[in-house]
J.: 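Have a look at this one.
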Number of protein chains: 2
Amino acid sequence: MNTKELSHKQQLILNFIGDFLHRRGYAPAIREIVQGCRLSSTSLVEYHLNILEREGYLRRDVEISRSIRLLGGKRLRHKEMIIVPVVGIISAGTPIPVPSADTWSNVALENLELPQDMVSGKERVYALRVKGDSMVDALIDDGDVVLMQQVSDANNGEMVAIWLKSEREATLKKVYWEQDMVRLQPCNTQMKPIYVHPSNVEIQGKVIGVIRQLS
Amino acid sequence: MNTKELSHKQQLILNFIGDFLHRRGYAPAIREIVQGCRLSSTSLVEYHLNILEREGYLRRDVEISRSIRLLGGKRLRHKEMIIVPVVGIISAGTPIPVPSADTWSNVALENLELPQDMVSGKERVYALRVKGDSMVDALIDDGDVVLMQQVSDANNGEMVAIWLKSEREATLKKVYWEQDMVRLQPCNTQMKPIYVHPSNVEIQGKVIGVIRQLS
DNA sequence: GACTTTATAGAACTTCTGTTCCAGAGCTTA
DNA sequence: TAAGCTCTGGAACAGAAGTTCTATAAAGTC
């Protein structure tokens with residue numbers, strides 16, 4: 001982009017537009033710029049707007065009122081957000097209500113809005129709020145939010161939400177495939193690992209992130 | 001808010017406005033709504049817009065073109081983001097380069113863009129990337145990002161970044177004010193607490209959040 | 001100084017656009 | 001059935017707003 005030096009007036013106009021946009025929620029009309037910047041004629045504004053558009057600072061549509069849009073300004077860029085439903089509370093031994101496609105954001109206690117890069121652009125992400133100290137050894141505290149990705153398979157050592165069919169309950173454990181059994185390692189030294197038959201486990205998702213807010 | 005059922009037409013209009021806003025960057029004129037929704041008169045749109053405004057779905061300013069703003073609609077709201085500079089790496093005993101007002105985002109290794117509510121709307125927030133296990137007891141892992149708020153004072157037990165003047169070094173510790181000394185409690189049981197004179201400590205910021213990305 | 005570029009004024013013009021008024025259709029209710 | 005509500009159509013008006021034109025300064029360039 002041709003970053004030619006902007007004149008004082010052009011800076012002024014640009015600032016005014018940004019301000020107006022922020023305060024009112026829509027772009028100013030030419031005559032409002034005239035007043036707001038204490039200029040004297042619409043053609044003067046027209047003149048400078050054309051320059052600003054040519055230099056890539058804004059965009060307008062011909063003959064359409066209030067069609068100014070600011071470009072690239074750091075102040076108003078909004079990154080694409082994804083909505084992550086917090087579908088439940090996870091504490092040792094409690095079933096986790098994993099959402100199915102339809103009951104996705106319906107069952108949510110609340111929704112997080114996160115920038116896409118925080119979930120690395122992954123699909124089928126949900127979140128659980130952690131209750132209790134059942135995961136301290138995984139450095140996850142009471143009150144933290146864990147980001148989960150819905151998967152049905154996992155590698156050794158990954159922390160996953162597991163549904164134990166016969167027990168009809170779900171927990172968060174580290175999973176290790178050993179011979180013909182599955183070792184489920186709790187994330188708390190107070191608890192012993194569990195060994196179950198592979199046919200009894202159904203993986204519901206894996207932990208892909210942790211968010212903690214203090215103070 | 002009076003959540004009266006919206007009629008089909010009103011839904012249609014609302015959707016069209018949202019769409020238009022998204023695609024063009026400014027609100028549609030009444031007559032553009034007429035065309036876009038295949039309606040037959042401006043007064044019809046006027047009629048429905050008034051209802052939509054009364055019901056709290058949007059806001060407009062009188063006699064100002066394209067002044068429609070959508071309210072609260074879950075679908076297209078982009079939350080305001082703030083830019084948090086990751087100003088350095090914190091590992092036990094390493095000085096932390098706390099940014100001053102001018103060198104704010106200049107010294108940043110990278111920038112995080114976070115939704116405002118993740119920093120509770122706080123000002124002067126920066127971030128540090130954690131290197132090593134010096135903070136495991138605070139449930140902060142190697143590779144985590146800690147969100148810091150620049151403050152110069154702290155309460156007992158808060159985790160803060162402290163500048164030790166005479167030693168000319170900074171670390172992250174929990175701080176306890178005891179009689180005429182300050183106890184700095186490391187976040188790792190391997191390390192012993194340090195006692196220093198209040199005049200020797202300068203608090204640079206406190207931890208307000210932790211972000212971890214796995215897998 | 002002659003010439004070009006940049007910046008400014010003012011007014012006129014045309015189109016865009018919000019607003020208003022009136023009439024009527026369709027529906028429900030007493 | 002009359003009354004009353006919601007919803008629709010069409011047209012006209014007035015003010016808002018983008019555009020254009022001409023003239024004039026000021027400042028830099030040759």
J.: Does the distance from a Lys or Arg side-chain N to an Asp or Glu carboxylate O, for B:Arg69 and B:Asp61, drop under 4.0 Å?
T.: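 Answer for the salt bridge query: yes.
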J.: What's the separation between atom CD in A:Gln150 and atom CD1 in A:Ile203, rounded to the nearest 0.5 Å?
T.: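 With rounding to 0.5 Å, CD (A:Gln150) is 12.5 Å from CD1 (A:Ile203).
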J.: I need the NE2-C1' distance between A:His8 and C:dT8, as an integer number of Å.
T.: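 Rounded to whole Å, this separation is 15 Å.
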J.: How many angstroms lie between NZ in B:Lys206 and CG in B:Leu172, if you round to the nearest 0.5 Å?
T.: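 Rounded to the nearest 0.5 Å, the NZ-CG separation comes out at 13.5 Å.
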J.: When rounded to the nearest 0.5 angstrom, what is the spacing between CZ in A:Arg31 and CG in A:Leu39?
T.: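 Here the interatomic distance stands at 13.5 Å.
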J.: Any side-chain heavy atom of B:Val45 within less than 4.5 Å of one from B:Tyr47?
T.: no
J.: In whole angstrom, what separates A:Ile68's CD1 from D:dT19's C1'?
T.: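 So the CD1-C1' distance, A:Ile68 to D:dT19, works out to 14 Å.
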J.: Quick test: give all pairs of protein nitrogen or oxygen and nucleotides 24-26 of chain D nitrogen or oxygen below 3.5 Å, distance rounded to 0.1 Å.
T.:
none

J.: Starting at atom CZ of A:Arg60, determine the distance to atom C1' of C:dC16, rounded to an integer number of angstrom.
T.: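 Between C1' of C:dC16 and CZ of A:Arg60: 15 Å.
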J.: Nearest whole Å is fine: how far is D:dC7 P from B:Arg54 CZ?
T.: 9 Å
J.: If the threshold is 4.0 Å, N to carboxylate O, is there a salt bridge linking B:Lys173 and B:Glu158?
T.: no
J.: Using a heavy-atom distance cut-off of less than 4.0 Å, which residues of residues 44-52 of chain A contact DNA chain D?
T.: A:Glu46
J.: Reading nucleotides 11-16 of chain D 5' to 3', which nucleotides get B (base under 4.0 Å from a protein heavy atom), which S (sugar-phosphate only), which -?
T.: BB---S
J.: Give a yes or no on whether the backbone of A:Ile140 and the side-chain of A:Asp144 come within a donor-acceptor separation of less than 3.5 Å.
T.: no
J.: Output yes when at least one side-chain N/O atom of A:Lys9 is less than 4.0 Å from OP1 or OP2 of C:dT6, else no.
T.: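 For A:Lys9, the contact criterion (side-chain N or O under 4.0 Å from OP1 or OP2 of C:dT6) is not met.
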J.: Going by the salt bridge (charged side-chain N to carboxylate O under 4.0 Å, His left out) test, name the single residue among A:Arg23, A:Arg66, A:Arg38 that passes it with A:Glu32.
T.: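 Output: one option passes, namely A:Arg66.
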J.: Do you know which of B:Ile17, B:Leu44, B:Ile13 makes side-chain contact (heavy atoms from CB on, under 4.5 Å) with B:Cys37?
T.: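 That would be B:Ile13; it is the only one of B:Ile17, B:Leu44, B:Ile13 passing the side-chain contact (heavy atoms from CB on, under 4.5 Å) with B:Cys37.
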J.: Could you check whether any side-chain heavy atom of A:Val125 comes within less than 4.5 Å of a side-chain heavy atom of A:Met148, counting everything from C-beta outward?
T.: no
